[in-house]
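As the structure lists them, so they are numbered: ligands from 1, and atoms in each ligand from 1.
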Amino acid sequence: MDKLAETPPVISSAELVDQAVAVVFEDGRSLSFEDCWLRDQCRCTTCYNHTTFQRATHILDIPDSKVAKIVFDPSQLCLTWNDGHESSYAAEFLSEFDYSTWKEKSRLRPVLWRGADVAGRVARVPVDEFLNSVDAQKRVFQSLLDYGVVLFEGVEPTLDATEAICNGLGGVQHTLFGGMWRFSSGQQRADTAYTSLPLAAHTDNTYCTEAAGLQIFHCLQHSGGTGGETVLSDGFFAASQLKADHPEDFTFLSSFHLQAEYVEPGHHHAYSAPVISVDERTGDLKQIRYNVYDRSTMAFSSAEECRSYYRSLRSFARYCEDPKNQWIFKLTPGLVLAFDNFRVLHGRTAFTGERVLGGSYVARSDWLDRARTLKLIE
Ligand SMILES: C[N+](C)(C)CCCC[C@H](N)C(=O)O
Ligand SMILES: O=C(O)CCC(=O)C(=O)O
């Protein structure tokens with residue numbers, strides 16, 4: 001989100017208080033900066049590499065120095081250290097590290113949704129605009145940040161045209177399925193996705209240490225048959241409802257490490273993690289890892305843990321499977337779907353005929369990198 005035009009912070013006083021410098025701004029805010037933090041933030045050319053934006057000093061080499069002299073004016077604070085080193089700090093820089101606001105800046109602000117009403121809210125962006133316009137790119141990434149879903153229109157029904165979108169979203173993420181993939185019901189891999197069977201809403205890669213960040217689907221072809229509709233539901237909405245209605249199930253799914261696996265000749269991926277990940281600091285939902293098909297067989301520490309596993313999963317699944325919470329629509333050649341695989345559950349209805357889906361994954365770090373570069377997030 002673009003920073004609103006703000007009046008630059010103005011320093012009205014600065015004094016040494018024990019091992020910290022207390023800075024008061026004209027707007028009344030009073031911030032205290034410990035000397036160890038201030039020395040670490042020195043941006044002189046000895047302490048900081050302004051070409052690589054990296055610190056130039058090892059943390060073990062930062063002197064355990066004390067502030068010997070303080071000079072300030074409305075726009076900056078200047079310190080002389082007891083080893084003679086000199087550091088200066090812009091008022092705007094210091095003001096950014098007001099913990100009460102700093103801790104809020106990195107939080108994402110998803111807009112929860114349920115069912116098809118989200119269809120009119122997600123961005124639908126012509127692919128040519130996405131590939132050539134910063135404003136269109138901002139609309140795409142804002143839709144992903146808000147709803148976890150975005151659609152691209154006017155895409156040539158080829159894997160190459162789809163790849164251009166994947167690269168624009170942050171780059172093709174390689175997994176055991178390759179980079180760009182094209183799949184149909186030919187059972188090329190040991191997975192139900194490679195059949196014409198229905199798939200209940202799920203997130204991919206629950207068996208990987210890190211799940212794919214985005215998943216991109218382009219229905220390149222569907223001929224001689226019916227069905228194959230895409231099912232999407234907001235896993236964060238489901239988790240929020242579960243927390244409100246069945247807090248004990250939410251607590252179990254956000255603490256119990258459920259093991260998932262992917263098995264085929266030459267591969268055996270396995271990983272354990274909570275179905276619902278929560279940020280301990282803020283309580284914000286971070287990730288949904290949910291795929292009822294890829295669950296490993298587990299032993300349990302007690303009958304209670306075993307029964308909680310089944311009760312809680314079923315409780316969560318009812319929200320995911322509730323038609324009121326699902327957006328069901330048909331992907332057609334030229335329409336490309338991208339969604340947040342850390343949040344949005346996807347599935348499909350059974351189908352007949354020849355249906356070919358192309359697409360890829362995009363790593364979470366890579367798409368958030370794009371969103372941050374567009375200044376949509378900190
Ligand atoms: C997307 N593509 C067809 C390549 C792979 C699908 C793998 C699905 C797997 N059961 C999972 O949930 O991760
Ligand atoms: O075939 C589809 O529409 C979706 C397949 C799927 O869920 C997956 O590949 O994870």
Option set T230, D204, T195, N205, criterion heavy-atom distance to atom 10 (O) of ligand 2, minimum: D204

Pair R39 + D83, salt bridge at N-O below 4.0 Å: yes

D191 contact mode with ligand 1 (heavy-atom cut-off under 4.0 Å): side chain

Enumerated ligand 2 atoms positioned under 4.0 Å from heavy atoms of L357: 1 (O), 2 (C), 3 (O)

Heavy atom of Y293, distance to ligand 1 below 4.0 Å: no

Electrostatic pair R29-D27, nearest N-O below 4.0 angstrom: yes

Side chain H346, main chain H202, donor-acceptor under 3.5 Å: yes

Sequence neighbours excluded - salt bridge (charged side-chain N to carboxylate O under 4.0 Å, His left out) pairs with any residue from residues 48-58: D40-R55

N or O pair under 3.5 Å between N205 and ligand 1: yes

Nearest neighbour in protein (non-hydrogen) for atom 1 (O) of ligand 2: R348 NH1, 2.7 Å

Q215 near ligand 1 by a heavy-atom separation under 4.0 Å: yes

Chi angles and distances behind the side-chain hydrogen bond (donor to acceptor under 3.5 Å, both in side chains) call for Q215, D204: CA-CA 9 Å; Q215 189 156 190; D204 274 17; 3.1 Å; yes

Side chain, backbone, both or neither: Y207 near ligand 1, heavy atoms under 4.0 Å: side chain

Side chain to side chain contact (heavy atoms under 4.5 Å, CB included) partners for E153, two or more places apart: R124, L335

Residues S223, Q221; criterion side-chain hydrogen bond (donor to acceptor under 3.5 Å, both in side chains); working and verdict: CA-CA 6 Å; S223 52; Q221 175 197 338; 2.9 Å; yes

Residue, atom name and distance, where the atom is the protein heavy atom closest to atom 8 (C) of ligand 2: H346 NE2, 3.6 Å

Proximal ligand 2 atoms for H202, defined as those under 4.0 Å from one of its heavy atoms: 7 (O), 10 (O)

Ligand 1 to N291 polar contact by distance, N or O atoms, under 3.5 Å: yes

Shortest protein heavy-atom distance from atom 3 (O) of ligand 2, along with the residue and atom involved: R355 NH2, 2.7 Å

Winner among T192, T203, D204 once heavy atoms are compared against atom 6 (C) of ligand 1: D204

Cation-pi geometry met for R364 and F342 (6.0 Å, 45°): yes

For ligand 1, the portion of Y194 having any non-hydrogen atom under 4.0 Å away: side chain

H202 contact mode with ligand 1 (heavy-atom cut-off under 4.0 Å): side chain

Any donor-acceptor N/O pair, H50 side chain to R43 backbone, under 3.5 Å: yes

Distance from atom 5 (C) of ligand 2 to nearest protein heavy atom, with residue and atom: L199 CD1, 3.7 Å

